[in-house]
Number of protein chains: 2
Amino acid sequence: MLKYALLGFLKYESKTGYELKQTMDKSTGHFWHAKQSQIYTTLKKLEEDGLVTSHPEPQESRPDRRVYTITESGEKALQEWLLQPVTQLDTTKQLLLLKLFFSGKLAKETILTQLRLLHNLHERQAELYKTESTDFIKEITASQPELKQDAHLWEATRRFGRLHEKMYIRWLDETIAMVDEQF
Amino acid sequence: MLKYALLGFLKYESKTGYELKQTMDKSTGHFWHAKQSQIYTTLKKLEEDGLVTSHPEPQESRPDRRVYTITESGEKALQEWLLQPVTQLDTTKQLLLLKLFFSGKLAKETILTQLRLLHNLHERQAELYKTESTDFIKEITASQPELKQDAHLWEATRRFGRLHEKMYIRWLDETIAMVDEQF
DNA sequence: TATAACATGTAACTAGTTACATGATTGG
DNA sequence: CCAATCATGTAACTAGTTACATGTTATA
């Protein structure tokens, strides 16, 4: 699926692999991410398949950049993918839940420590949604008002992230209280 | 990580690969799942590493079953893993969010149709939590009251599933309303 | 009579991660 | 002076999916 994410970003603007990574981290990071190495290998495959083209851009006193541009064939592939509806639920993998599921014989304090640690992580993540993601949306809509529609959808995905974190924190609070009482 | 899930289940009771698949589907399915083929290959690896042993059980008029049992070394590996706290947030991949993110130029009705389709899927999933998962917990605690502690944790993971579905449905309602107004 | 459940496995493939390799510039 | 940023890539590996192969029995 990463290929479609890359095509999606390249449709807005030609970019290098390095820039694509940064853009993803700032925008889709909380629901779709990739390592730098995977981005480079996927771009290579996309070029082989004719969905993008690239040309190197020489730079002074910096390594050359390779700028990727979406092709017509790439735009078509992206459009087809966008029109194809999602018909299955995403299968998430929640490491903490897996551990917790098998933790019935652990000491109360061990479980509580682990839950509290995750609580911290989620609190921090929830904070990030207040600034980082909104900045990204504001910046773009300020310079490109024709992307207003897009910005509404970006905002919706950010909202999802916030709700998810809130839910998670609420569940951790409940679960911590439960373990505290029952164990 | 599947290896630890399998060890976790085998610690309660020796099982075949087929049974492990069924048990997972009914219990950890919504936060950890695996295909039958992956279960078989992972069991093989676990046996090579000495974390489980297996013996074939001949059956009349049915293919032989291969029953896997956790070893001491396997219990140790499981315990070590359980004690190791989760220090990173899970990176989820939400296909719908990825599509939505790039859907700014699609027709209003196309987006709404896709959101409504997913709404249905999540409604159905939310229903499942009311029966299926609770049954599983009730059955086991009725026959094995010494697993009461475990059952509390299983119930917590089920609760997570319910909260997640509720959050998702709420977000879909909001997002459908937003697209309806803004597009 | 067909299909779901029981039962195990391999091969080929796709997706994603970790580690390695290289090297200049800028900011604290 | 050290860490971060800029910048690209390959190799080896782990995890997970899809497709294939085989065959019986119970149930609708």
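Because the structure is a prediction, the values reported are computed rather than measured.
- Phosphate proximity of dT8(D) to T16(A): present, with a side-chain N or O under 4.0 Å from OP1 or OP2.
- Here K93(A) lies in heavy-atom contact (under 4.0 Å) with sugar-phosphate atoms only.
- Proximity of K21(B) to the phosphate of dT8(C): no side-chain N or O atom is located under 4.0 Å from OP1 or OP2.
- Among the heavy atoms of the strands, none lies under 4.0 Å from E19(B).
- Summary of the strand contacts: K45(A) and K35(A) both lie near DNA chain C, and taking for each the nucleotide with the nearest heavy atom, the more 5' one is attributed to K45(A).
- The interatomic distance linking H55(A) (NE2) with dA7(D) (P) rounds to 14 Å, in whole Å.
- Checking the phosphate oxygens (OP1, OP2) of dT14(D), no side-chain nitrogen or oxygen of K3(B) falls inside 4.0 Å.
- Residue Q22(B) has a polar side-chain atom (N or O) positioned under 4.0 Å from OP1 or OP2 of dC6(C).
- Side-chain contact, R66(B) with T16(B): no donor N or O sits under 3.5 Å from an acceptor N or O.
- Looking at heavy-atom distances under 4.0 Å, S37(B) makes contact with a base.
- Using a 4.0 Å cut-off, no side-chain N or O of Y40(B) falls inside it from OP1 or OP2 of dG9(C).
- In terms of heavy atoms, V86(A) sits closest to L118(B) at CG1-CD1, 3.8 Å.
- Considering only the side chain of Q38(B), dA15(D) comes nearest among dA15(D), dA7(D), dT10(D).
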